[in-house]
Amino acid sequence: AETGMPLKLYRVGPGGDLADLDGRFAQTVGIEAGGALLLRPDGVIAWRATGPHADARAQLDAVMRRLTFRA
């Protein structure tokens, strides 16, 4: 189920959209390789996945429903 909310996706690190110049981004935000963050427009972390998820799309859909009170 889609939430219909537009999202911007950025990958951080080598080959990504944003550079991690000192290699500390993941550690600083509390994720591992394959992890993810969902940032609110004001820059506050709304949700984080510390590592990869078997069905990332389903996980993101569930998180978005919960965060938008549609669960």
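- Side-chain contact between I31 and L37 is present, with heavy atoms from C-beta onward closer than 4.5 Å.
- In this structure, D20 contributes its side chain and V12 its backbone to no donor-acceptor pair below 3.5 Å.
- Among residues two or more places apart in sequence or in another chain, the side-chain hydrogen bond (donor to acceptor under 3.5 Å, both in side chains) test is passed with R11 by none.
- When all heavy atoms are compared, the tightest approach of L7 to L60 is CD1-CD2, 3.9 Å.
- The nearest pair of heavy atoms linking P52 to A33 is CD-O, 3.4 Å.
- Nearest heavy atom pair, residue R40 against residue A46, reads CG-CB, 3.8 Å.
- Residues L39 and I45 have side chains in contact (heavy-atom distance under 4.5 Å, counting atoms from C-beta outward).
- With respect to D61 and R57, a salt bridge is recorded, a charged nitrogen being found less than 4.0 Å from a carboxylate O.
- For the atom pair CZ of R48 and OG1 of T50, the computed distance is 9.0 Å after rounding to the nearest 0.5 Å.
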Any chance you could lay out the side-chain contact (heavy atoms from CB on, under 4.5 Å) test for W47 and R66, step after step, and finish with the verdict? CA-CA 11 Å; W47 171 82; R66 197 167 57 242; 4.2 Å; yes
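- Apart from L21 itself, the hydrophobic cluster it occupies contains nothing, where clustering links Ile, Leu, Val, Met, Phe, Trp and Tyr at side-chain heavy-atom distances under 4.5 Å.
- With a 4.5 Å cut-off on side-chain heavy atoms, L67 and L38 count as touching.
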